Amino acid sequence: MGYVNGLKCRECGREYPVDPIYVCEFCFGPLEVVYDYKKIKKVLTRKSIKAREENLWRYKELLPIDGEPQVGLESGFTPLIKADNLARELGVKELYIKDDTVAHPTLSFKDRVVAVALTKAKEFGFDTVACASTGNLAHSVSAHGAKAGFKRFVFIPATLEASKIVASLVYEPNLVAVDGNYDEVNRLCSEIANKYKWAFVNINIRPFYAEGSKTQGFEIIEQLGWKAPDNVVVPCASGSLLTKVWKSFKEFKTIGIIKELNTKVFAAQATGCSPIAAAIKTGTDVIRPVKPNTVAKSLAIGNPADGFYAIQVVKETGGYAEDVSDEEIIEGIKMLARTEGIFAETAGGVTLACTKKLIESGKINNDETTVMCITGNGLKTQEALSGHTASPHFIKPNLASFEEVLKKIGGK
Ligand SMILES: *Cc1c(COP(=O)(O)O)cnc(C)c1O
Ligand SMILES: [Zn+2]
């Protein structure tokens, strides 16, 4: 009853059955899910989508499951916000925010990938799920996994923001804080995944997990009135989200939901961890791994698994990349809050600050429609702002004390 043909190597094209596997045995290329688009085209239309509930499963034929959705039944379908105040400040005509700061249940876009991964883990018959995380994935696997009744092993770099650690621990997973950076955590997890029969959402079931990111792209097109934007700016850690947003746009064209597709895809990174942006800016296909040093911990992957493919998408679509300093990231967070009333985490600051640079350099035309993917909530990374916001006005509990303050700020 599914719409999946199987898995296929992105490098040599060898085909594999639907199994919890992720690399080609012959060339070590990554495996990707392939679908029967002819069959999907018959059932998935603007009309059939519109008639469904407002969650990410409204596009289920384009997601790699065989049966019915089992996890994340309330996830996805976050707002697309027309950011007129911000557009005015940046001097562009039309700007939108895809607002995953309010994703259900854990306030980041990772709820999309985990909903799909854990549904697939159930179909495969796993009783334990696991992940290597830069923070948000830990949070989402802990939460979705609790609701779905999985045993959970969650691996993070020990230096993660305290608020993200608490946000995961509250769901009582087995949280393992590794003395090392994400790339070292990930390497360790690959070894563990070889030994234990667990569903590592971003390792052995990564081909299925990654497909969940497409729902952000499907929603952008639907919420723009069945139209692809001229530009989309996507923050990159492993580069997976960027490649999947583009895949989603192409799939909607393939099955006839949109007729035209001329979107330019832009990559956004923090300068302190910008292997993808650096390669694009210097015009090479070769990713040079880096040791991350940035306040944007959720994007701190120094050796990005999908970096090569992200570069190809940016090149193929005529986009570009930018990177921004920690100061610019914090200014970006504050600008988004000040203009649009949205509190994003550091990755959101990266996306906004990069978009601003791309507009200023003319890489993004100011008479076009641009969508920024704002992928996580600021309440999760509050420490990044400490010392960067104003202090409250401290007063005595009487009117005179208040009016003294009022006079000082010229409020009256
Ligand atoms: C994980 C993450 C991303 C990007 O992830 P990819 O690995 O590039 O798919 C972007 N924003 C936030 C907040 C994230 O947690
Ligand atoms: Zn291969």
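Numbering of ligands and ligand atoms starts at 1, following listing order. Just so it is clear, the structure is predicted and the values come from calculations on it, not from any experiment. Hydrogens, waters and symmetry mates play no part in the numbers below; they use all other heavy atoms, side chains included.
- Contact atoms of ligand 1 toward Glu345: 13 (C) (distance under 4.0 Å to a heavy atom of the residue).
- Between Thr375 and ligand 1, a contact under 3.5 Å exists for at least one N or O pair.
- For the pair Arg14 and Phe26, the distance from NZ or CZ to the six-membered ring centre is under 6.0 Å and the angle to the ring normal is within 45 degrees.
- Closest to atom 3 (C) of ligand 1, if we only count protein heavy atoms, is Phe109 CE2, 3.4 Å.
- Checked against a 6.0 Å centroid threshold, the rings of Phe208 and Phe124 count as neighbours.
- At a 3.5 angstrom cut-off on N or O pairs, Leu299 does not count as close to ligand 1.
- Geometrically, ligand 1 and Ala237 share a nitrogen or oxygen pair separated by less than 3.5 Å.
- Salt bridge Glu68/Lys60: present, at least one basic N to carboxylate O contact under 4.0 Å.
- Listed by atom number, the atoms of ligand 1 under 4.0 Å from Ala347 heavy atoms are 11 (N), 13 (C).
- Near Ser240, meaning under 4.0 Å from one of its heavy atoms, ligand 1 places the atoms 6 (P), 8 (O), 9 (O).
- Both the sub-6.0 Å distance and the 45° axial angle are not jointly satisfied by Arg152 relative to the ring of Tyr171.
- Geometry note: the Zn ion (ligand 2) is the vertex, Cys9 SG and Cys12 SG are the arms, and the angle is 110° (rounded to 10 degrees).
- Residue-level proximity to ligand 1 for Leu241 is carried by backbone and side chain together, each with a heavy atom below 4.0 angstrom.
- Ring planes of Tyr35 and Tyr37: tilted class, angle from 30 to 60°.
- Geometrically, Lys122 engages Phe150 in a cation-pi contact, judged by NZ or CZ lying under 6.0 Å from the ring centre and within 45° of the ring axis.
- With Pro292 as the partner, the side-chain contact (heavy atoms from CB on, under 4.5 Å) test is satisfied by one option alone out of Ser274, Pro275, Cys273: Cys273.
- By the 3.5 Å distance cut-off applied to N or O atoms, Lys110 is counted among the residues near ligand 1.
- Considering backbone and side-chain atoms together, Gly239 places an N or O closer than 3.5 Å to an N or O of ligand 1.
- Remark: ligand 1 and Asn136 share an N or O pair separated by less than 3.5 Å (distance only, no angle test).
- A salt bridge (Lys or Arg N to Asp or Glu O under 4.0 Å) with Glu61 is found for one member of Lys214, Arg52, Lys38 and no other, namely Arg52.
- Within the 4.0 Å heavy-atom criterion, both parts of Ser238, backbone and side chain, lie near ligand 1.
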